[in-house]
Colleague: 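Submitted below is the structure of interest, expressed as structure tokens.
Every chain is numbered from 1, with letters handed out A, B, ... down the list of sequences.
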Protein chains: 2
Amino acid sequence: MNNGKFAISLHILVLLDKAKGELLSSEYMAGSININPVLVRKELINLRKKGFVASKEGKNGGATLAKPAEEITLGALYESVRQSHLLGSQKNEPNPSCTVGKHINSHLNDLYDETEQILISQLNKQTLADFSHRFT
Amino acid sequence: MNNGKFAISLHILVLLDKAKGELLSSEYMAGSININPVLVRKELINLRKKGFVASKEGKNGGATLAKPAEEITLGALYESVRQSHLLGSQKNEPNPSCTVGKHINSHLNDLYDETEQILISQLNKQTLADFSHRFT
DNA sequence: CATTCTGTAATATTAATTATTACAGTACAA
DNA sequence: TTGTACTGTAATAATTAATATTACAGAATG
């Protein structure tokens, strides 16, 4: 489905939760995740768009959670980072002169959608707060 | 998690199911999927190893299902093509001097494992026969 | 107004996926 | 017994996706 974005985003959110409202810089978070700060800022764009975090520009700026960790479900996070389909991308262009080839993509998409819904509802059972509490 | 392998493998299996025991060549299947025949043969290696298909070499050779489509669940197929983790690969090496960085990978793996189990059991509700019947 | 941040674009690097070429070996069938 | 049509598999190339880097304008602080 997706890439390391879910892991990176969740890592960011846990750090912000642990920071208890204190602003964290992208550089600091990048140091914990061990990736480039620009990648953190890019993920923040997305997280901000979804209303999970807020940023403050300028000196002593940084990011913080924009809503309580109890109100951010992992399913919502999954949906926010998901870009392609769960079980495989529908980039194949099967032969339309073959009955199977002609319909496989729509059947695959149905299957993926059904399955993804289950996955999301499973992830929705857990909030950022729950996940964050796994850390001592 | 994984790539287009799930889609390719499922496409192959549906073709074989529809062929009702008749041997299909990798070239023929590649034509329906619209990919290179070598990729089909590579997927067949895996499907054979899992006991889903059998191949016959030589002239007029090809592949066929090795067990009834009713006995191949999509969950088993998923497990057979899965190679990396569902929600993202654990290739990050977070900073171990940070509490969050130090433990995030093991917590992520726990989460992924839990979630993947749900996904597999969901996919297990459907067999190749069920999926194949979606095609007229 | 120097400093420390964010936001964002542009580009480079690396890794993963997919495709291609090549050929040995197997089975059939004339 | 030999040509043909396949599989099996390795080696390599090409393409695409993911990640990293560099660069710099603009915002807020002190």
Colleague: Could you please name the option among dG25(C), dT6(C), dT20(C) that lies closest to any side-chain atom of K42(B)?
Modeller: dT20(C)
Colleague: I need the residues from residues 12-26 of chain A with at least one non-hydrogen atom less than 4.0 Å from DNA chain D; give them sorted by number, or say none.
Modeller: none
Colleague: Taking only residues two or more places apart in sequence or in another chain, which ones pass side-chain contact (heavy atoms from CB on, under 4.5 Å) with D130(B)?
Modeller: Q126(B), T127(B)
Colleague: Of the nucleotides dT8(C), dT9(D), dG26(D), which one has an atom closest to the side chain of R41(B)?
Modeller: dT9(D)
Colleague: Would you indicate which nucleotide in dT29(D), dA27(C), dT22(D) comes nearest to any side-chain atom of V38(A)?
Modeller: dT22(D)
Colleague: Name the atoms and distances for all side-chain donor-acceptor pairs under 3.5 Å in residues 9-17 of chain A, with sequence neighbours left out.
Modeller:
{"from": "S9(A)", "atom 1": "OG", "to": "K5(A)", "atom 2": "O", "distance (Å)": "3.1"}
{"from": "S9(A)", "atom 1": "OG", "to": "E43(A)", "atom 2": "OE1", "distance (Å)": "2.9"}
{"from": "H11(A)", "atom 1": "NE2", "to": "S32(A)", "atom 2": "OG", "distance (Å)": "2.9"}
{"from": "D17(A)", "atom 1": "OD2", "to": "S132(A)", "atom 2": "OG", "distance (Å)": "2.6"}

Colleague: For residues 56-73 of chain A, dump all side-chain donor-acceptor pairs below 3.5 Å to protein atoms at least two apart in sequence or in another chain.
Modeller:
{"from": "T73(A)", "atom 1": "OG1", "to": "A76(A)", "atom 2": "N", "distance (Å)": "3.0"}
{"from": "T73(A)", "atom 1": "OG1", "to": "N124(A)", "atom 2": "OD1", "distance (Å)": "2.6"}

Colleague: Under 4.0 angstrom, heavy atoms only, what part of the nucleic acid is N36(B) near: base, sugar-phosphate, or nothing?
Modeller: base
Colleague: Can you list every pair that meets side chain to side chain donor-acceptor pair (under 3.5 Å) and has a residue in residues 45-54 of chain A, with sequence neighbours left out?
Modeller: N46(A)-K50(A), R48(A)-S55(A)
Colleague: Which part of the nucleic acid does K56(B) contact within heavy-atom distance under 4.0 Å: base, sugar-phosphate only, or nothing?
Modeller: sugar-phosphate
Colleague: Between C1' on dT11(C) and CG on L39(A), what's the gap in Å once rounded to a whole number?
Modeller: 14 Å
Colleague: When you measure from every atom of DNA chain C, which of residues 45-53 of chain B have a heavy atom less than 4.0 Å away?
Modeller: none
